[in-house]
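See structure below.
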Number of protein chains: 2
Amino acid sequence: MSQRPFHHGNLRAALLERAEAVLRERGLDALSLRELAREAGVSHGAPRSHFPDRAALLDALAERGFLRLDEEIRRAAVRERDDHARTLRAAASAYLGFAVREPALLDLMFATKVDEPPEAVRSAAERLFATMSGLMDAGVAAGAYPASDVARLTLLLSATVQGASTLVASRRITADQGEALIGDAIALLCSGAAAGR
Amino acid sequence: MSQRPFHHGNLRAALLERAEAVLRERGLDALSLRELAREAGVSHGAPRSHFPDRAALLDALAERGFLRLDEEIRRAAVRERDDHARTLRAAASAYLGFAVREPALLDLMFATKVDEPPEAVRSAAERLFATMSGLMDAGVAAGAYPASDVARLTLLLSATVQGASTLVASRRITADQGEALIGDAIALLCSGAAAGR
DNA sequence: ACCTGAACACCGTTCAAGT
DNA sequence: ACCTGAACACCGTTCAAGT
């Protein structure tokens, strides 16, 4: 029993943590329930108590990914809360940083689902979207654009940042090109949206 | 021998075609070399003659995906070649349509690579990027923006369309929301870029 | 050049049994 | 409630052998 004093009711947490490391270091293909169990010092059937199947583990990883990304964006945005364009740049840059550090996890978060994504994942993803929306609301307060445009501009910003992150994570462009890209996008968003109508 | 008159030197093509169907209907996880071999009526070792391993098959699928997407975008753009904004909308809409019809394939095309993507895939992806760049060049000719901005604006458009496609393919937004999004993006791109500098 | 078929190691999943 | 361990079906990969 002193062999594994580590898990006393926290096997679930240990599996998730180890899974995130494998994802980071060796990618999704290398992620195996049996290997995780082995490394945690439990039998191969043990994970089943916490995750009914492999898909359930992946869903939990995606959910945690969204929560972490949301948290990182919030923290970055709050540090630059005085200037709207700087706020957006800080948030987008945090998003891009996450993509660079956790490319396989980001893939998993936005992987195609044949059926609807599970409730917990959907909810975590919406929390992230709500955060982005909140950042745009601050822009309205600062007079950058009318309140009626917030929904569309939030979607536009989200898509652009997500696209830039995908291009960087899949090695189509460098991280620096990604940063320049979001800089251009935000400049266009702030100036164009103000001038437009 | 009349059992399989179908493959006489075209097993490779048969495997690819069948793999694309599986990807479309049941997703990446359901894609198995052994099943493909079974359905093609050959032994499980046969695919090895054409694809050294599973990753090689996936790379070939990604490469073909890029070539097809490029082709579809070119065809859509040429139909609306008279008006620059309409050209961009048609191209972006074709991209989005591809994402809706082939979400798992698009995932595969932009999947994270731990090491560099193979030459053939990289080359096909660059061909797509070159097509996008060519569309923007036409905008320069039409006086929509200075030639010096083409590289950055191409990247910006590519990222936004890719992001919108990911959001649609992963069921975060509907296809209609995706269309509206790219409409906004292109309007902003054309007007903002002209007014900006 | 292309395909067969046995062999190996690994995997996800199920389930009766233990504590 | 949580974990063990045997069992099953499936998979990717290797390789000697065939044509």
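Lettering follows sequence order; numbering is per chain, from 1. Any value given below was found using the heavy atoms of this structure, including those in side chains, with hydrogens, waters and symmetry copies removed.
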Whole angstrom value for the distance that separates [atom2] of [N] from [atom1] of [X]:
X: B:L57; N: D:dT13; atom1: CG; atom2: P; answer: 10 Å
X: B:L58; N: D:dG12; atom1: CG; atom2: C1'; answer: 12 Å
X: B:L28; N: D:dC11; atom1: CG; atom2: P; answer: 14 Å
X: B:D53; N: D:dC11; atom1: CG; atom2: C1'; answer: 14 Å
X: B:H44; N: D:dT13; atom1: NE2; atom2: P; answer: 12 Å
X: A:L33; N: D:dC3; atom1: CG; atom2: P; answer: 14 Å
X: A:R48; N: D:dC2; atom1: CZ; atom2: C1'; answer: 13 Å
X: A:F51; N: D:dC2; atom1: CZ; atom2: C1'; answer: 14 Å

For [X] and [Y], which I'm curious about, is there any donor-acceptor pair between the side chains at under 3.5 Å?
X: B:S123; Y: B:E119; answer: no
X: B:Y95; Y: B:E72; answer: no
X: A:R81; Y: A:T87; answer: no

### Query
Would one find a side-chain N or O of B:H50 under 4.0 angstrom from OP1 or OP2 of C:dC3?
yes

### Task
Return no unless some side-chain N or O of B:S32 is found under 4.0 Å from OP1 or OP2 of D:dC10.
no

Check: [Y] and [X] side chains under 4.5 Å, non-hydrogen atoms:
X: A:F66; Y: A:R127; result: no
X: A:V168; Y: A:T174; result: no
X: B:I73; Y: B:F98; result: no

Can you figure out which of [options] approaches the side chain of [X] most closely?
X: A:S43; options: C:dG12, D:dG5, D:dC11; value: D:dG5
X: B:V42; options: D:dG5, D:dT4, C:dT4; value: C:dT4
X: B:R54; options: D:dC11, D:dG12, D:dC3; value: D:dG12
X: A:R34; options: C:dT4, D:dG12, C:dG12; value: C:dG12

### Query
Which comes earlier along DNA chain C counting from the 5' end, the contact point of A:R38 or that of A:G45, where each point is its nearest nucleotide?
A:R38

### Query
How would you label the contact of B:R12 with the nucleic acid (heavy atoms, under 4.0 Å): base, sugar-phosphate, or nothing?
nothing

### Task
Looking at every strand, decide which applies to B:S49 at a 4.0 Å heavy-atom threshold: base, sugar-phosphate, or nothing.
base

### Query
For DNA chain C, what is the dot-bracket line, given that a base pair needs Watson-Crick (N1 to N3, plus N6-O4 or O6-N4) or G-U wobble (N1-O2 and O6-N3) geometry with both distances under 3.5 Å, and | means paired with another strand?
||.|||||...|||||.||

### Message
What verdict does the side-chain contact (heavy atoms from CB on, under 4.5 Å) test give for A:R152 and A:L156, after you've listed the backbone C-alpha separation in whole Å, the side-chain angles of each residue and the deciding distance to 0.1 Å?
### Response
CA-CA 6 Å; A:R152 295 157 65 215; A:L156 189 51; over 6 Å; no

